[in-house]
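What follows is a short report on a single structure.
Side chains are part of it too, since the values below use all heavy atoms of this structure and drop only hydrogens, waters and symmetry mates. Chain naming here is simple, since letters A, B, ... match the order of the sequence lines and numbering starts at 1 in each.
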There are 2 protein chains.
Amino acid sequence: MYHYNKNTKKLLLQLLLVMGDEMDINYELYKIFYVVATTGNVTAAAKELHISQPAVSKHIRNLECSLGGPLFIRSNQGMILTETGRAIYQSIKDGVNAFSNANLIFSDYASLLKGTIKIGISTSLTRFYLLPYLETFHKEYPNITILIYTDPSAMLKKKLQTGEIDFLIAKYNGPDSEFSFHPLGELHDIFIASSAYDSLRGKNLTLEELTKYPILLQREPSTSRRRFDAFCRENNVSFDVSTYIASSTLLEDFVKIGFGIGVATKEYIQKELDQGNVFELSVMKSLPSISFGYYVLKDGITSFSVKKLIELLEKR
Amino acid sequence: MYHYNKNTKKLLLQLLLVMGDEMDINYELYKIFYVVATTGNVTAAAKELHISQPAVSKHIRNLECSLGGPLFIRSNQGMILTETGRAIYQSIKDGVNAFSNANLIFSDYASLLKGTIKIGISTSLTRFYLLPYLETFHKEYPNITILIYTDPSAMLKKKLQTGEIDFLIAKYNGPDSEFSFHPLGELHDIFIASSAYDSLRGKNLTLEELTKYPILLQREPSTSRRRFDAFCRENNVSFDVSTYIASSTLLEDFVKIGFGIGVATKEYIQKELDQGNVFELSVMKSLPSISFGYYVLKDGITSFSVKKLIELLEKR
DNA sequence: CGCCGTTACGAATTACGTAATCATA
DNA sequence: TATGATTACGTAATTCGTAACGGCG
């Protein structure tokens, strides 16, 4: 009744392996089985599967041969499950549902109903640049989890390498072999002072003149610091750095109470400038502007949600 | 990065159907995905799947194309699941397990660790014939459920037609279009009497002589009764049927208390004969013997367990 | 150079659909 | 005769494996 002329090779393998993982049966056949079992009808199943009736018939036969026994009782009224067929039906249904579920989950991710974005970015850049984008993004995709990592940029690059974060927003740091950089904007370092230095307000100063005043810099060996040092060397000036400050907000505070002249990123302290707590010194040779943007791994495989957020960032 | 050059036709269909049942993805690809995800390694997966490395690689690519997004991050160290890949992994694992489970269940049935046998058979035939076989069978396959249906044979044949029972053990009833009959043995109807008729013991009687005595027959319009009537017609004798008895055991009881001469199947009452409660009358013209055996539907699709039991019955 | 994944391509298999066949109500 | 399953068979598509390639430590 059953023609075991097929799968001879596979059956041999199976025998040689002495009960393999039972994964050797073509899963497509289970799909066909499921549809035929639920419809009880090869014709209807064929329609549902978008293949011809004989194809379905043959698939069922193949499954029965692969397993080694009948699953359906054929009649001119349709296909009725045998006892064995009924016995395996539930498991196969479970399998089909599980696969459908996998599909749905994938769809959730693809349609941004689910997902996680891990961003490496400094708090300053977050406040100045990222926050409004996150607000927009979160409004549209409220179920995407966003994680912000604020380690120093050197560590963030390591995390980007290892995949701990999806991408990194930071200042441009020269060409790189394993990351690709995409600019998003420009930052400008400026000299700032408080009312204690009101005499300097409005004056167009030279760098030499500035060196007469105490300068406040960030302590941390950041790229900003290195750039400032390079700037000084290039212009043959040397500042009397009175104090190194740990954080940029603290630096603002020191400037405000008149401790000295600070070097800060204009965009980060725009609010302070607007409020008049500090003012920008007019210097003839301005500090070089620096580009910031996002870094991603060069292979560029990113999740749907990351793609979408980056798309949003690049839109403007 | 992804080449959507494949499945164009299927994708079109999917679009036209506006979110189909999500069954359109080749389930084989899920199997491949599962193995690659668990091994984290295309090479190892290829070995496990008994196909070549490039084949696995291409399958994974096809799955990613079918779904519409990446599932793995490729590296020269192996394959790492993306967030989305991790998200669907569990469901796919569930599906694979469900299908494996279906396989195991099938194996249980094929190896007779599970199963049900529904037999139609009279109580007499059960006691006389079937019981020892069932004992043997049950000893070897204790987990097979055996159900005995003892309706009249006409109803049992209907149940066999509808599939309510797997096969039917009964006396031969002439050729049949939808059942096939396989003989298992012979039954012999005899005339019996108790000590009240001791005068007849040892005598070689003619049928005419027998007609002088009251005859006890089964009331129910069984095939046995019809055969007996036919026998009488053929031999031009007419019995004075004093009493019709409902059941064969009751008939024995009536014979035992000397109510008359009974017609019974020798094999069924062998114990009574051995115990000397009743004796067989020696009649010159003996009642015709009748074959009994099992009936199955002509298409002959039976479960593993039914096959095995029938095999046992036919062995001797 | 070895490991691992991908691409290319020709050969073999398979899956498919059309048409014909069978069986039953 | 109509419905539904199976068989036959030629075609078309897919799958597979071999070989070659590319990146990385």
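Using a 3.5 Å distance cut-off with no hydrogens or angles, the side chains of A:Ser57 and A:His59 do not pair a donor with an acceptor. Side-chain contact of B:Tyr30 with A:Asn103: a donor-acceptor pair under 3.5 Å is present, judged by distance alone.
We find that CG of A:Asn62 is positioned 13 Å from C1' of C:dT13, with the value rounded to whole Å. Summarising the geometry, the separation between CE on A:Met79 and C1' on D:dT6 is reported as 10 Å, rounded to the nearest angstrom. Rounded to a whole Å, the CD atom of A:Glu64 is 13 Å from the P atom of D:dA5. B:Ile60 has its CD1 atom 15 Å from the C1' atom of C:dC4, to the nearest Å. The separation between A:Ile32 atom CD1 and D:dA5 atom P is 14 Å, rounded to whole Å. In this structure, B:Arg61 places its CZ atom 6 Å from P of C:dT6, rounding to the nearest Å. As a whole-Å value, the separation of A:Glu28 CD from C:dC16 P is 8 Å. Atom-to-atom, CD1 of A:Ile73 to C1' of D:dT6 comes out at 17 Å; the value is rounded to the nearest Å.
Note: B:Phe179 and B:Tyr295 have perpendicular aromatic rings, judged against thresholds of 30 and 60 degrees for the angle between ring planes. Note: B:Tyr89 and B:Phe33 have tilted aromatic rings, judged against thresholds of 30 and 60 degrees for the angle between ring planes.
Mapped onto DNA chain C by nearest heavy atom, B:Ala44 and A:Ser52 fall at different nucleotides, with B:Ala44 at the one closer to the 5' end. DNA chain D is contacted by both A:Lys58 and A:Gly78; A:Gly78 maps to the nucleotide lying nearer its 5′ end (nearest heavy atom per residue).
Between D:dC16 and B:His50, no contact under 4.0 Å exists linking OP1 or OP2 to a side-chain N or O. Residue B:Thr43 has a polar side-chain atom (N or O) positioned under 4.0 Å from OP1 or OP2 of C:dG5. At D:dT14, none of the side-chain N or O atoms of B:His59 fall inside 4.0 Å of OP1 or OP2 (strictly under the cut-off). Between A:Ser57 and the phosphate of D:dT6, there is a side-chain N or O to OP1/OP2 separation shorter than 4.0 Å. Checking the phosphate oxygens (OP1, OP2) of C:dC3, no side-chain nitrogen or oxygen of B:Asn41 falls inside 4.0 Å. Contact annotation: A:Arg74 side-chain N/O to D:dG4 OP1/OP2 distance is not under 4.0 Å.
The pair B:Arg86-B:Glu83 does not count as a salt bridge, with every side-chain nitrogen at least 4.0 angstrom from each carboxylate oxygen. Taking a cutoff of 4.0 Å between a charged side-chain nitrogen and a carboxylate oxygen, B:Glu64 and B:Arg74 qualify as a salt bridge.
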Given B:Phe304 and B:Tyr109, is the ring-ring contact (aromatic ring centres under 6.0 Å, His included) satisfied, shown in steps? CA-CA 7 Å; B:Phe304 300 103; B:Tyr109 280 84; 8.0 Å; no

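For B:Ser305, the side-chain hydrogen bond (donor to acceptor under 3.5 Å, both in side chains) test picks out B:Ser303, with sequence neighbours left out.
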At a cut-off of 3.5 Å, list every protein nitrogen or oxygen paired with a nitrogen or oxygen from nucleotides 20-25 of chain D, distance to 0.1 Å.
unit_1, atom_1, unit_2, atom_2, d
D:dC24, O4', B:Asn76, ND2, 2.7
D:dC24, O3', B:Asn76, ND2, 3.2

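Two end axes, each from the C1' atoms of five base pairs, can be drawn for the helix from C:dC1-D:dG25 to C:dA25-D:dT1; they diverge by 20°, to 10 degrees.
If you check D:dT15, C:dC16, D:dT6 against the side chain of A:Val42, the one that comes closest is D:dT6.
For B:Tyr27 and A:Phe99, the gap between ring centers is short of 6.0 Å.
Stacking of A:Lys118 on the aromatic ring of A:Tyr149 is not recorded, the 6.0 Å distance cut-off and the 45° axial limit not both being met.
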